[in-house]
Amino acid sequence: MKTKILTGALALALAVVAPYSSQAKKREATQPMYSPAPSHAMTSPSPLASKAQRPLPFHGRISVIDAHGKKFALVSRAGTGRTFVITDQTLISKLGNRAKFSDLAKGEEIRGSYWKRPDGTLEVKTLRVGPPTVAEKQAKEHLKTRVKEKAAEKKSQY
């Protein structure tokens with residue numbers, strides 16, 4: 001008796017579920033389950049739209065300068081080396097003042113941000129030469145305190 005009831009329940013369950021699963025397979029084959037809402041990002045793709053294309057930070061000391069190719073090599077504190085390319089759009093500053101590529105010297109401490117091009121080259125966006133200025137140090141400390149304050153606010157909410 002119990003087996004007849006279980007068999008009947010199983011047959012009923014399959015009869016109810018089977019049409020829905022075949023419809024889902026047809027829908028998956030023809031179109032996605034949902035249609036994303038159109039947005040300006042989707043209509044006009046930007047090369048800088050993805051997270052991977054945001055400027056990345058770097059810091060270290062200049063090890064080699066190529067004046068003709070407007071390139072320099074950087075050795076970080078960890079001992080790794082990378083080659084960066086300077087363009088006309090690169091903003092260069094030395095000790096807080098505007099500078100030129102010709103103002104760079106081997107062994108100088110540098111920091112800044114760069115884009116990674118699709119071909120693998122590292123294009124410098126901003127380049128700051130020399131030790132951090134007082135204003136940069138103050139801005140960094142201010143940012144640290146804001147982060148700590150926000151973390152404290154989140155903890156107090158829970």
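One is the number of the first residue; the rest follow in order along the sequence.
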Check for me, please, whether Val85 and Ile65 land in the same ILVMFWY cluster - side-chain distances under 4.5 Å, paths through other members count. no
Phe58-Val129 co-clustered via ILVMFWY side chain contacts under 4.5 Å: yes
For a 4.5 angstrom cut-off between non-hydrogen side-chain atoms, does Ile110 reach Leu74? yes
Can you classify the ring geometry of Phe72 versus Phe84 as parallel (below 30°), tilted (30 to 60°) or perpendicular (above 60°)? parallel
Identify the heavy atoms of Lys116 and Leu122 that sit nearest to each other, and give their distance. CG-CD2, 3.9 Å
For the student: nearest non-hydrogen atoms of Ala105 and Glu108, plus distance: N-OE1, 2.9 Å
Please report the shortest heavy-atom distance between Pro132 and Arg111, naming the atom on each side. CA-NH2, 3.2 Å
Just do the side chain to side chain contact (heavy atoms under 4.5 Å, CB included) check on Leu104 and Leu127 with the steps written out, would you? CA-CA 10 Å; Leu104 300 179; Leu127 177 66; 4.0 Å; yes
Shortest non-hydrogen pair, Phe101 vs Lys71, comes out as CZ-O, 3.6 Å
Check against side chain to side chain contact (heavy atoms under 4.5 Å, CB included), Tyr114 and Thr90: CA-CA 9 Å; Tyr114 67 94; Thr90 302; over 6 Å; no
Thr126 side chain vs Ser113 backbone, donor-acceptor pair below 3.5 Å: yes
Working to the nearest 0.5 angstrom, can you tell me the gap between Glu109 CD and Ile62 CD1? 10.5 Å
Kindly indicate whether the side chain of Leu91, heavy atoms from C-beta on, has any atom under 4.5 Å from the side chain of Arg98. yes
If you measure from CZ on Arg146 to CG on Leu143, what distance do you get to the nearest 0.5 Å? 8.0 Å
CG/Asn97 to OG1/Thr133 distance, rounded to the nearest 0.5 angstrom? 10.0 Å
I need the Glu123 CD to Trp115 CH2 distance, nearest 0.5 Å. 8.5 Å
Check whether any side-chain N or O of Arg61 sits under 3.5 Å from a backbone N or O of Gly107 as a donor-acceptor pair, and report yes or no. yes
Rounding to 0.5 Å, atoms CD (Gln138) and NE2 (His142) come to a distance of 11.0 Å
Atom NZ of Lys94: over 12 foreign heavy atoms under 6.0 Å: yes
If you take all heavy atoms of Val124 and Thr87, which pair is closest and at what distance? O-OG1, 4.4 Å
